[in-house]
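Start at 1 with the first residue, then count along the sequence.
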Amino acid sequence: MTMNSTVSTSQGFLPQARHGSLESSNVLASNSLGQPELESNGSNEVELISASWNQDYGCFAAGTSHGFRIYNCEPFKETFRRDLKSGGFKIVEMLFRCNILALVGADANSQYPPNKVLIWDDHQSRCIGEFSFRSEVRSVKLRRDRIVVVLEHKLYVYNFMDLKLLHQIETLANPRGLCCLSHDSNTFVLACPGLHRGQVRIEHFGLNVMKLINAHDSHIACLTLTMDGLLLATASTRGTLIRIFNTMDGTRLQEVRRGVDRAEIYGIALSRNVQWLAVSSDKGTVHIFSLRVRVAGEDSSSHPSPAQGLALLEQNSSSSLDGLISPSTSANPGSSLSFMRGVLPKYFSSEWSFAQFHLSEDTQYIAAFASQNTVIIVGMNGSFYRCSFDPVHGGHMLQQEYVRFLQTESRPG
């Protein structure tokens, strides 16, 4: 199969990514980013093009019409920005908090077109790798050892050290660029759309195991993995149900209901201890659900490794499944008519959200989990929220912080 991409590096190889902090305040030299023209001061007329979390939700990257900015979430603070005269970036993908970023230019970027991926080393203030494709890049995902570039019908998986192409995966039309990775160093799990509507393809690369999960009847709208890659959460374009699966055998472990009406799901996130699930949609509400799919009394760091999980499944899939489902101390509410399960329509027996936070419906939001029992939310109108929820009683979340981050005049220093 002919590869429709070209790769170049500044020195013929990609150096090991340093794992220093991104909280630098130095201004880039005028020849940085492959000699783009840099503005000495950011423009006041900045449009937010994209927003994305880093792998542990500790930071988020904002792609703007004039470059990009990086923000720390706890405490909230702009850590640095890069302003360009040539245009902005529609994709800014962080690698935890280290100095490496993946950048894809917006349509209006005169220097970096949307079919090119730049691997940018902020410590060296230069581009150290570049990928060019024949079609538009839909998303980029990073691990410490891999780079995944998502096009509309194909994914490319590269080795981070030398940019060597390792895998190509064909997908159904994927204009959203859906793809997620595990981030534990001892596992490499990738989830992406399959070749059929509603299907998710799971690659356990370390085990050389591929699994196809028929997650929904409608097209996949959103998906995410736990850090170890053992659990998958999905939503479809109907936007009413969110389902959680065991990635080893494809078993559905839990199903929760966002609502009855069709909705566009903007994002789903799992808490680090896999106790909570957050969902944001065009209905202007962030829903929090209680999960029953964690090992009782243990956090995510105590989950079995994929190799151990596979061994358990081979011995007894039902007992392995029991280990992944535990009684929840905070159950999601159900309908008062759930006792008539099987007689009334399915939504009467559904698990509804445990806690909620209401926002305006005219903006796209993404949500994630911060410190214990707090949720952070970023809006495409340049808003940042922090809110807390009662882990026992749930209900309406309380707003703790609100920032209009594109309008803040304070710059990192």
Can you see which heavy atom on [X] is nearest to which on [Y], and at what distance?
X: V117; Y: V104; answer: CG2-CG2, 3.9 Å
X: P175; Y: R138; answer: O-CD, 3.4 Å
X: P193; Y: L178; answer: CD-O, 3.3 Å
X: T237; Y: A221; answer: N-CB, 3.7 Å
X: I268; Y: A233; answer: CD1-O, 3.3 Å
X: E152; Y: T171; answer: O-OG1, 3.7 Å

Could you tell me whether a side-chain N or O of [X] sits under 3.5 Å from a main-chain N or O of [Y], the two making a donor and an acceptor?
X: T64; Y: H66; result: yes
X: S139; Y: V150; result: no
X: R197; Y: D217; result: yes
X: S236; Y: I220; result: no
X: D184; Y: T187; result: no
X: D282; Y: E264; result: yes
X: K211; Y: N246; result: no
X: R176; Y: C179; result: no
X: R243; Y: A215; result: yes
X: N54; Y: C59; result: yes

Is there a side-chain contact between [X] and [Y] (heavy atoms, below 4.5 Å)?
X: Q275; Y: L291; result: no
X: F131; Y: I119; result: yes
X: M248; Y: L207; result: yes
X: Q399; Y: F357; result: yes
X: I70; Y: M94; result: yes
X: R257; Y: E351; result: no
X: I288; Y: F369; result: yes
X: L151; Y: V137; result: yes

Euclidean distance, [Y] [atom2] relative to [X] [atom1], rounded to 0.5 Å:
X: S182; Y: L190; atom1: OG; atom2: CG; answer: 8.5 Å
X: R82; Y: L84; atom1: CZ; atom2: CG; answer: 10.0 Å
X: I265; Y: K283; atom1: CD1; atom2: NZ; answer: 10.0 Å
X: T247; Y: L231; atom1: OG1; atom2: CG; answer: 7.0 Å
X: Q55; Y: M227; atom1: CD; atom2: CE; answer: 7.5 Å
X: F405; Y: L48; atom1: CZ; atom2: CG; answer: 5.0 Å

Cut-off 3.5 Å, side chains only: do [X] and [Y] have a donor facing an acceptor?
X: T226; Y: D228; answer: yes
X: D122; Y: N99; answer: no
X: S388; Y: Q400; answer: yes
X: S271; Y: Y57; answer: no

| task | Apply side chain to side chain contact (heavy atoms under 4.5 Å, CB included) to F245 and V200, showing your working. | result | CA-CA 11 Å; F245 298 90; V200 178; over 6 Å; no

| field | Identified side chain to side chain contact (heavy atoms under 4.5 Å, CB included) counterpart of V148 within the set K141, E93, H167 | value |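 That would be K141.
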
Which side-chain N or O atoms in residues 374-385 pair as donor and acceptor under 3.5 Å with protein atoms at least two apart or in another chain?
residue : atom : partner : partner atom : Å
T374    : OG1  : S371    : N            : 3.2
T374    : OG1  : S371    : O            : 2.7
T374    : OG1  : S371    : OG           : 3.4
N381    : OD1  : S383    : N            : 3.3
N381    : OD1  : S383    : OG           : 2.6

| request: Can you label the angle between the F60 ring and the W53 ring as parallel, tilted or perpendicular, going by 30° and 60°? | output: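 Geometry flag for W53 against F60: perpendicular rings.
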
| query | Should the pair W276 and F354 be assigned to parallel (<30°), tilted (30 to 60°) or perpendicular (>60°) ring geometry? | reply |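 If you compare the ring of W276 with that of F354, the planes turn out tilted.
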
| Stepwise side chain to side chain contact (heavy atoms under 4.5 Å, CB included) check, I244 with R252 | CA-CA 6 Å; I244 297 92; R252 186 197 301 178; over 6 Å; no

| query | Residues in ring pair (Phe, Tyr, Trp, His ring centres under 6.0 Å) with H219, at least two apart? | reply |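 By the ring pair (Phe, Tyr, Trp, His ring centres under 6.0 Å) rule, H219 matches no residue at all.
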
| field | ring pair (Phe, Tyr, Trp, His ring centres under 6.0 Å) partners of H196, counting only residues at least two apart | value |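 Here no residue qualifies.
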
| query | Does F76 have its ring centroid less than 6.0 Å away from the ring centroid of Y71? | reply |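 For F76 and Y71, the ring centres are under 6.0 Å apart.
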
| Passes side chain to side chain contact (heavy atoms under 4.5 Å, CB included), D121 versus I100? Steps please. | CA-CA 5 Å; D121 185 335; I100 301 295; 4.0 Å; yes

| R69/L406 under side chain to side chain contact (heavy atoms under 4.5 Å, CB included): CA gap, chis, key distance, verdict | CA-CA 9 Å; R69 304 177 186 184; L406 285 186; 3.8 Å; yes

